[in-house]
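To start, the structure itself, in structure tokens.
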Protein chains: 2
Amino acid sequence: MTDKYVYAFAEGNKDLKDLLGGKGANLAEMTNLGLPVPPGFTITTEACRAYLRDGKTPASLDAEISAHLAALEQAMAKKLGDPEDPLLVSVRSGAKFSMPGMMETVLNVGLTDASVPGLARQSGNIRFAWDSYRRLIQMFGKTVCDVPGEAFEQALDAAKRVKGAHADVDLDADDLQALVDAYKQIFKQHTGRDFPQEPREQMELAIRAVFESWNAERAILYRRQERIPGDLGTAVNVVAMVFGNLGDDSGTGVAFTRDPATGEQGVYGDYLPNAQGEDVVAGIRNTIPLQDLEGLDPTSFTELMRIMSVLEGHYKDLCDIEFTIERGKLWMLQTRVGKRTAAAAFIIAGQLVDEGVIDPDEALRRVTGAQLMQLMFPTFAKTDTQPLAKGIAASPGAAVGKAVFDSARAAERAATGDKVILVRRETNPDDLPGMIAAAGILTSRGGKTSHAAVVARGMGRTCVCGAEALDVTDDSFKVGTTTVREGDVISIDGTTGKVYLGEIPVEPSPVVQYFEGDAAHSVPARSGVSREDGGLNASGDTAQSPLVRAVDRALRHADEMRRLAVWTNADNAADAGRARRFGAQGIGLCRTEHMFLGDRRELVEALILASTSDEQEQALAALLPLQRADFAEILQAMNGLPVTVRLIDPPLHEFLPSLEELAVKDAQGRLGSREKELLAAVRRTHEENPMLGLRGVRLGLVIPGLFAMQVRAIAEAARQVKQAGGDPRPEVMVPLVGAVQELEAVRTQALDVIRDVDPGVPVPIGTMIEVPRAALTAGEIAGSAEFFSFGTNDLTQMGWGFSRDDVESAFFGRYLELGIFGVSPFETLDADGIGRLVRIAVEEGRAARPDLQIGVCGEHGGDPDSVHFFDSAGLDYVSCSPFRVPVARLEAGRAALEVGGSDTR
Amino acid sequence: MTDKYVYAFAEGNKDLKDLLGGKGANLAEMTNLGLPVPPGFTITTEACRAYLRDGKTPASLDAEISAHLAALEQAMAKKLGDPEDPLLVSVRSGAKFSMPGMMETVLNVGLTDASVPGLARQSGNIRFAWDSYRRLIQMFGKTVCDVPGEAFEQALDAAKRVKGAHADVDLDADDLQALVDAYKQIFKQHTGRDFPQEPREQMELAIRAVFESWNAERAILYRRQERIPGDLGTAVNVVAMVFGNLGDDSGTGVAFTRDPATGEQGVYGDYLPNAQGEDVVAGIRNTIPLQDLEGLDPTSFTELMRIMSVLEGHYKDLCDIEFTIERGKLWMLQTRVGKRTAAAAFIIAGQLVDEGVIDPDEALRRVTGAQLMQLMFPTFAKTDTQPLAKGIAASPGAAVGKAVFDSARAAERAATGDKVILVRRETNPDDLPGMIAAAGILTSRGGKTSHAAVVARGMGRTCVCGAEALDVTDDSFKVGTTTVREGDVISIDGTTGKVYLGEIPVEPSPVVQYFEGDAAHSVPARSGVSREDGGLNASGDTAQSPLVRAVDRALRHADEMRRLAVWTNADNAADAGRARRFGAQGIGLCRTEHMFLGDRRELVEALILASTSDEQEQALAALLPLQRADFAEILQAMNGLPVTVRLIDPPLHEFLPSLEELAVKDAQGRLGSREKELLAAVRRTHEENPMLGLRGVRLGLVIPGLFAMQVRAIAEAARQVKQAGGDPRPEVMVPLVGAVQELEAVRTQALDVIRDVDPGVPVPIGTMIEVPRAALTAGEIAGSAEFFSFGTNDLTQMGWGFSRDDVESAFFGRYLELGIFGVSPFETLDADGIGRLVRIAVEEGRAARPDLQIGVCGEHGGDPDSVHFFDSAGLDYVSCSPFRVPVARLEAGRAALEVGGSDTR
């Protein structure tokens, strides 16, 4: 904290955004580059914070403002509000992060009854003077004094009605002078005082209003959404007004130093002659393309081109600018590194490397995993069709298909070649075959972490969930007067959450086409297995699009830089193959429970219903060859790369029908004898909190032979693949371990089986770290584990005491509103709480066993911010769903450059 | 680890139990006291551990044994197995902790075919010689060579049949010689070799057999049960044999230095002339009272009395001894600090202080909370009645009453003065009124941490749970051919788990009678409130029993010594009053959810069903006066002491009927309109894992006004009590906080309400620490909390990922069997895992706020071992159920003396 609260533009620079805000810092930078910026000064965010904290401005602020205002007056050779030749200023907000439209600005500050004639005289434009005054009263009233905007709008409309005018410009100076009187009355009526006639008072009140706008409700909401901290405060820029509305030799415009949509170099922008910035926003007249300015005002145009070139060279990036021409004189009002589309981000970064402006590291810093993710989904072409409903955009992409309301039906129809959208009130593990078969999933209940959303994201399926307007039954859904039945075509947009009736044309992602195509590459495994092919550009140029080339280039540089390996979560050979094409270096999580669904459910039921150990052994023996075949396929698909198989995790009763369903049937006398047995088993195995019940390693220790069967299936599959000339690398992972004794008991059994099958294939045995106690006793557990894999989903559930199935719909929304979370801890790892457990386990696990291999296989493994955390925590790899593999590769590379995960906002 | 594996008795002492085992260390101690111990040596537990680890004895052991054997032979002037005059030895196990009957001993080692005649000659008793050989072959065969014991028994029986003999003593020397031949054949038949004729070989094999007996299955089970570590190993004592069976001037006996049941001084013991120790155990002849020895052998008797006096003076405690008289010569075979009843433990400790033998600290070390607990329950008089069934001894005590099968009926009958036993398949919160009304609770399902068990222990109700033999229906239970209906009298023993038909006479606990009586005392509150009365002995002697005096004395010394305050968990004025009489210094947990049951359930339903904020406010307004009255009563009962009220914690759907019940009724068309609404609400609020769902602070943040209503009720109750001249000290505790932002949001609301009601009554606001994340971010949370209270139940549930409702019956049994737990982490705090979270939170909470008050209100607060942990972790208080308050006081005192919680085993 310093005692200096005000900076002249010449005193700042672009790196002082914390203190001067983005706008102020960049105005300072431009000033120091010698570019034509209207003189002015910036009041710091510190002053704002002090004001918000204390309810008054710091004691020294007044004097500082006076000094800088004096300097400004001197530079402009005018005095603020001087009746003869008034200096007018704008008072503009400018926070560290851009919050477009969220905060306040007041223009024309300094104008009073007394100085309107002077302004008219100096500008030679009496209408302009009254219009400027009218605008001041309106903006000042609304912004500073909370006068309702409609009051002014109504008065303006009334004036136009009286005059028979269509637009503001049809009002002449007299009309505007009359309107000023009306506005002043409105002002007095709402505030109980006259419109302030003291220029300095106007300025000071405007400054405070900008400070206060930091805590306006819409600003708070915006920050929450954009994860901008709430305690930064805003700076205030006081800038000498320049006017683009003084005649045809004046005007205002915006421009980009290159095309923000594609990255192409050239002249991009819009210009509006004889207008102010607000007019452009209000859309009162149509703008003209920027290149047309060359004909209108070649001097200013040439100057602008020069300035844009200076700016891009200086910022080494695409910039956007706002400028005004006042009577042939060009003024720069703002610049910043420009927003761009995801595609342009990659292309521009590549171009700048080619142009020698930045190096490949810097290029990598300028693209994000979130941008890459966007580029990996198919998109709908533009459409005029009105959506039927809007739900939560749960898993991006654009899917079109026939609505089907039942999992088995979806699988059937898909098998005949139909594209289907599975529509359910909500999904559960039984719906998996249908979800796999479907092109997209639509539910009317559940949020971003509902079963549907999680599974869909995991599989890269498009999903819209929680579309509450839909009334979904077993064979149709209704929305308004529309009823959609099985076979009706619908389109769902997982990026916007929109649901359409009928087919909207879809465009596939060129990036995914590239990964999936023949040119697909894979990256070297950590274990040193050689790359299967050389990547796109290894064999020279191809006919790929600039976007694909740019993405490939960024990923390849990320691969060179990153310390973290990227593995994938895949439960079958198809997913494994796809992940490998996406660059996965191993499987970090192969779940086995999905292998127990479908036809095999009966075998699992037999296992649960077994009343003798003979029956139990028979049930297990029947599962063994099926599991062996599962594993053999996956080991083949990942030949030469590690495949971490997690032994069965969920409670067995998840494989049984629901209690409610059976109890109702029973009450109706509709249960057969096997179903009666099932009902008894459901009651017997019912758990109040299955998440915390008999699952994972507990199952393995309670049901003799279950884990041994799975380990045998893995070992036998490996032997089979090896005998066929392959290089199988299975690893066995034990879920839900909380104490080393649990792991040791399983390990002893497993080693016996492995030795028995084929001692020649080494099978490392490790553990999930997903129970808080496991993290807290990691030093002990490492003694019996060859690897750790963080199950950050469960670790989050238990560490926070949240059941993911329950809490999102119940209160996450409220928690986000209250600011208790900035983001759901299931999306981005909570570094302070859960992350502390991760760090403890890494540190103490490695202390006990220096060669311990450590990864993460929770969903966080593919989340950009979380990847940065895992890099900093010292993990060896992250494992994520196949679709997230490129994202994780990119972010792991960026993490190695020590960029904060969200720093490209 | 040293290289010395063998110690002569003269080389050891009583403090070397780790190395020499209890028996060896005490034999050494007696030897050094100059008492008549037969010469011998001890092979260390280290040698045992080495043998068990390596599968062979350490290389140097043989030579060491030879040297010590030579010294022994020299002392006895005999040679091991010498045909002329054989030295015989016993080879006895002796571990650090006594494991009675668990491990092996072989007597008469050294006897062979060749030396039997020599022994006969030297003893002048040929029958004795053959009998000794017969015993050796039998014990050696069984113990060392795994020959089935029945084989020898059958041969012995056959010999008796042939002879027409009733007892072993009826066999003469010839019979026994023939039996030896038969035994040798049996030995050869089962082992494939002749009985070893080399004395040294016999000894070495016997030593190994003792080593191996450490890992016998029964020994492992015993250790698990008694929480004895499995890696200690046993020592082996090789001792010259002395014989009590050489005639009427010989004999053997056991004795105590004072009465182990009451602590009274005097001669206590049994003597059997002309017999060996085994005969006493076998009960072949009746023993005589020890004092009768005075007539038989006054010299030995006098010597024995002298020795017992020496021992008690030396050990400063009650000792038990085993001795043998061989032809008028007294030999001490064993001594140790004697086991005693719980009552005797207190009385003896007091006596020894009075006698100036030990100081009050040492007396406190010699009694345990577990012993005190035993003394606080009523007991059944001895009975010949056969129990109907045996369940789990879930909450101790002896209860007799009429069986009732429904909670409401139990409350009704109790209101008419009946004593009832509530019998249910299992209990749930709805059964609470019946559980409160009942004298005891009996269930056929659930374990030690089932709802029934936990609530019963909390209330001090006798409970037997999981009596699986009972087939419980809604109005009766069947067991075998017996059917028990409502009104039939049954008796349940919560200390043994036994269930009886009819009334078994009950004796109340004199200790509880004392606490509950007029003489009840209270101890000073931490806040310095003066003691209400002076404790039993403050006003001089009373007519109390020695036991009550001894308990009172121990507790008062514990109160003087302890650093931890002891508070109680109490939800109503009756419990609060009782706890205060038991010495509680405050309420650490006043749950409010029990206040929402019974008649008030409808109001809670109204709150849940409310569809407008008006309806919600009405429901809350109806609850306010009821809650205010609840709190006023409790604040009055605890006048001057802190009362920590926990805001409502459980998910609201716990107050609704079950989904299954409503769904079945619905399917049968039997639902009224309100029930239909309820069914919809049940479906809407259903949670997969309610433990991890919408409860605690989450409820408070989601349902506007709920917490504010409770805080208002507390503040208004305090104002009311204060206005009536009382000294109310309420504290508000927020449950389930995981992030400081949650606490801060509640705190802001609560402070507003408190200020609004009466700023004159300060109400500290604090938080439970029961979510792992709260412990991990305690430094932040302490910024908004005036106190922490560890909810170690939930902390254990979440830290281990265990749902207490589910896991005990599902797999805790198996986990205890596998040794994954020594004890359930819900009974004794898991210091390594959950305890680490506690230590982190204490350390970082105090660092952030040095005056932070820290307690625990989970069930662990009354568990002896856990109290020691909480003392070492630096907590300010433990809070436990009223019945556990004296136990916690005692253990807190012992903890201050730095005694391990279980160290009096």
Side-chain angles (χ1 to χ4, degrees), chain A residues 651 659-661 663-668 685-696 698-699 701-702 736 738-739 741-742 744-745 770-774 776-777 780 794 796-807 810-811 814-815 818-821 825 830 832-834 836-837 840, chain B residues 651 659-661 663-668 685-696 698-699 701-702 736 738-739 741-742 744-745 770-774 776-777 780 794 796-807 810-811 814-815 818-821 825 830 832-834 836-837 840:
Chain A
L659 175 59
E660 188 188 347
E661 182 188 325
V664 165
K665 267 181 145 180
D666 189 35
Q668 295 167 333
T685 60
H686 175 75
E687 294 184 311
E688 287 301 316
N689 297 282
M691 174 86 57
L692 307 178
L694 182 56
R695 47 175 287 233
R698 303 164 192 174
L699 268 182
L701 293 176
V702 165
L736 215 69
Q741 291 87 345
E742 295 173 305
E744 195 45 40
E770 56 186 338
V771 172
R773 190 181 189 277
L776 293 164
T777 60
E780 283 179 37
D794 265 343
T796 299
Q797 296 198 100
M798 295 178 196
W800 275 93
F802 287 155
S803 162
R804 195 162 110 177
D805 294 336
D806 298 312
V807 295
F811 65 86
R814 180 86 180 121
Y815 266 39
L818 289 170
I820 288 168
F821 304 142
D830 154 39
D832 291 345
I834 309 308
R836 183 167 182 188
L837 289 174
I840 287 173
Chain B
L659 175 59
E660 187 188 350
E661 182 187 326
V664 165
K665 267 182 143 180
D666 189 36
Q668 296 167 333
T685 60
H686 175 76
E687 295 185 310
E688 287 300 317
N689 297 283
M691 174 86 57
L692 306 178
L694 182 56
R695 47 175 287 232
R698 303 164 192 174
L699 267 182
L701 293 175
V702 166
L736 215 71
Q741 292 87 344
E742 295 173 306
E744 195 45 40
E770 56 186 339
V771 172
R773 190 182 189 278
L776 293 164
T777 60
E780 283 180 38
D794 264 344
T796 299
Q797 295 198 99
M798 295 178 195
W800 275 94
F802 287 155
S803 161
R804 194 162 112 177
D805 294 335
D806 298 312
V807 295
F811 65 84
R814 180 88 180 120
Y815 266 39
L818 289 170
I820 288 168
F821 304 142
D830 154 39
D832 291 345
I834 309 308
R836 183 168 182 187
L837 289 173
I840 287 172

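In what follows, chains are A, B, ... by sequence order, proteins preceding strands, each numbered from 1. Note that the coordinates shown come from a computational prediction; the quantities given were computed from them, not determined experimentally.
Looking at A/Glu744, neither its backbone nor its side chain comes within 4.5 Å of chain B, counting heavy atoms on both sides. When heavy atoms are compared at a cutoff of 4.5 Å, B/Glu660 approaches chain A solely by way of its side chain, counted from C-beta outward. With a 4.5 angstrom heavy-atom cutoff, A/Leu736 does not touch chain B via any of its atoms. Heavy-atom distances place both the backbone and the side chain of B/Leu701 under 4.5 Å from chain A. With a threshold of 4.5 angstrom between heavy atoms, A/Arg698 approaches chain B through its backbone and through its side chain. Looking at B/Glu770, neither its backbone nor its side chain comes within 4.5 Å of chain A, counting heavy atoms on both sides. Proximity to chain B involves both the backbone and the side chain of A/Glu688, based on heavy atoms less than 4.5 angstrom apart. When heavy atoms are compared at a cutoff of 4.5 Å, B/Asp830 approaches chain A solely by way of its side chain, counted from C-beta outward. Both the backbone and the side chain of B/Glu687 come within less than 4.5 Å of a heavy atom in chain A.
Counting heavy-atom pairs under 4.5 Å between each of A/Ala739, A/Gly693, A/Ala667, A/Pro772 and chain B puts A/Pro772 at the top. Contact count against chain B (heavy-atom pairs under 4.5 Å) is highest for A/Gly799 among A/Gly738, A/Gly799, A/Ala663. When the candidates A/Gly696, A/Pro690, A/Ala745 are compared by the number of heavy-atom contacts under 4.5 Å with chain B, A/Pro690 comes out ahead.
A donor-acceptor pair under 3.5 Å is absent between the side-chain atoms of B/Asn689 and the main chain of A/Ser803, judged by distance alone.
Inter-residue side-chain proximity for B/Phe821 and A/Gln741 is flagged as unmet; no heavy-atom pair is nearer than 4.5 Å.
The structure places CG of B/Leu692 at 13.5 Å from CH2 of A/Trp800, a figure rounded to the nearest 0.5 Å. To the nearest 0.5 angstrom, B/Leu776 atom CG is 10.0 Å from A/Asp832 atom CG.
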